[in-house]
Number of protein chains: 2
Amino acid sequence: MPYQLLQENILKNVKMSPSDLEFICKYFKPISVNKGEFLLQQGNICKFEGFVVKGCFRIFNIDTEGKENTLYFAVKDWWLMDIDSFMNQTSSELNIQALEESQILIIDRTNKETLYKESSIVEKLFRIMSQKAVAAWQRRLIRNHGLKAKERYSYFVNTYPEIALKLTDRQISGYLGITHEFLSKIKRKN
Amino acid sequence: MPYQLLQENILKNVKMSPSDLEFICKYFKPISVNKGEFLLQQGNICKFEGFVVKGCFRIFNIDTEGKENTLYFAVKDWWLMDIDSFMNQTSSELNIQALEESQILIIDRTNKETLYKESSIVEKLFRIMSQKAVAAWQRRLIRNHGLKAKERYSYFVNTYPEIALKLTDRQISGYLGITHEFLSKIKRKN
DNA sequence: ATGGTTTGTTGAACTTGTTCAACCCTATTA
DNA sequence: TAATAGGGTTGAACAAGTTCAACAAACCAT
């Protein structure tokens, strides 16, 4: 059952009753995504917030020179969205693409607003999730500044070995902020 | 009045009644900080969340090689804390130092928890603030990957000219993730 | 099976950024 | 006034990472 995973994920952040859990989950709808399919492309507005049940996604930006910059990968038990575009319904700078056959639970903005209004525990849940996310992004920035490419690579494959296995080297290099050629050279010298 | 600035800041995020505003503000206490003084040093636990009324702070990490990596600067109207350490009362990896004579409003963790419990609008306020912060950190990461040091420097001084004026080049270079010597060379060639 | 596309690898030349040392300037303090 | 500490600058040698081009291997789609 896809909702079981979502419920467990929620409980990691906030303790709540089974009825609250079910109430929240009802607003999420399961959808299947084909390999290569885009859930969002930059320039459009992000109309959903998603929770990954199965598969793998890549969230990335393409800059003016055509370089693909990966913000993060989302696998089972990860959340997925352009938080800025979703909140403010502004044009997104991100692309969200399935790297394999995937399944997610999504909620649209209207339903999300309803959820916030109906239950204050939902505010708390997403407040805590967002605060944890801020901490994680701060740590990522410090690592990016403090570590060399080779160390960032080691950190990534050690911290997320199951994700690394699903990815090509080109995808990993886009996450590390280096060229795929240089990643290849890093791997050789060790 | 320091509380006026805090109230305006809150209203930028969530609309609320004057009585709610006052209720929240009561939990914040003004403190003065001397130039050079540390509000937090890595290894300790962050016991406060702060809102800057006057002055300037530098939030940075010192890595194993002694290199200072600046996460951000906080001036008037900015928030200030180690969100991870404050939430979970874990050892902090950050230092928070006043760069000049400053004034802030602080709330400790117990009072923050009380606030959350007393009023659900507080959950909403910090939920929205945190979500905006996530968006900002994501954009920062993309800029750090996509832009060269010179472009990051231009972006910083153009986006935060009033902050840049308060800082030495060494402090700016720590924020950009480059050495101060290289920043000096960047500035010359233009 | 075949042709086309994408991926990983490697080398050489190049650009970006670092390190270290020296120097100057300014502000502070004894 | 002298001493000192910190900030900015510069140059030379070096390290890290990019670019471009070439090629081999794997992975499709038909």
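In what follows, chains carry the letters A, B, and so on, assigned in the order in which the sequence lines appear, proteins first and then strands, with residues in each chain numbered from 1.
Between Phe182(A) and Leu183(B), the residue whose closest nucleotide on DNA chain C is further toward the 5' end is Phe182(A).
Within residues 162-170 of chain B, the residues having any heavy atom under 4.0 Å from DNA chain D are, by residue number, Thr168(B), Asp169(B), Arg170(B).
No side-chain N or O of His180(A) forms a donor-acceptor pair with one of Asp169(A) less than 3.5 Å apart. Side chains of Trp78(A) and Asn9(A): no donor on one and acceptor on the other come within 3.5 Å.
Between Ile172(B) atom CD1 and dG7(D) atom P there is a gap of 13 Å when expressed in whole angstrom units. Put simply, OH on Tyr153(A) is 12 Å from C1' on dG8(C), counting in whole angstrom units. Taking atom NZ of residue Lys148(B) and atom P of nucleotide dA16(D), one finds them 17 Å apart after rounding to whole Å. Whole-Å rounding puts the Glu65(A) CD to dC20(D) C1' distance at 16 Å. As a whole-Å value, the separation of Lys67(A) NZ from dT16(C) C1' is 12 Å. We find that NZ of Lys187(B) is positioned 17 Å from C1' of dG17(C), with the value rounded to whole Å. Counting to the nearest Å, the C1' atom of dA22(D) and the NE2 atom of His180(A) are 12 Å from each other. Per the geometry, CD belonging to Glu68(A) stands 15 Å off P belonging to dT18(D), to the nearest Å.
Residue Ile107(A) comes nearest to Phe28(A) through the heavy atom pair CG2-CE2, 3.5 Å, listed as atom of the first residue, atom of the second, then distance.
Under a cutoff of 6.0 Å and an axis angle of 45°, Arg188(B) and Phe182(B) do not form a cation-pi pair.
Residue Lys35(A) places its NZ atom among 12 or fewer non-hydrogen atoms of other residues, nucleotides or ligands, all under 6.0 Å distant.
With dG17(C), dC20(D), dC20(C) as the candidates, the nucleotide lying closest to the side chain of Glu181(B) is dC20(C). Closest to the side chain of Lys35(A), out of dG17(D), dC28(D), dT10(C), is dC28(D).
Salt bridge status for Asp108(A) with Lys29(A): absent, with no side-chain N to carboxylate O gap under 4.0 Å.
Classification of the Phe73(A)-Phe156(A) ring pair by plane angle, with boundaries at 30° and 60°, yields tilted.
OP1 or OP2 of dT10(C) sits under 4.0 Å from a side-chain N or O of Arg188(A). For Thr179(A) and dT18(D), the shortest distance from a side-chain N or O to OP1 or OP2 is below 4.0 Å.
Below the 3.5 angstrom threshold, one finds a donor paired with an acceptor across the side chain of Lys185(A) and the base of dT19(D).
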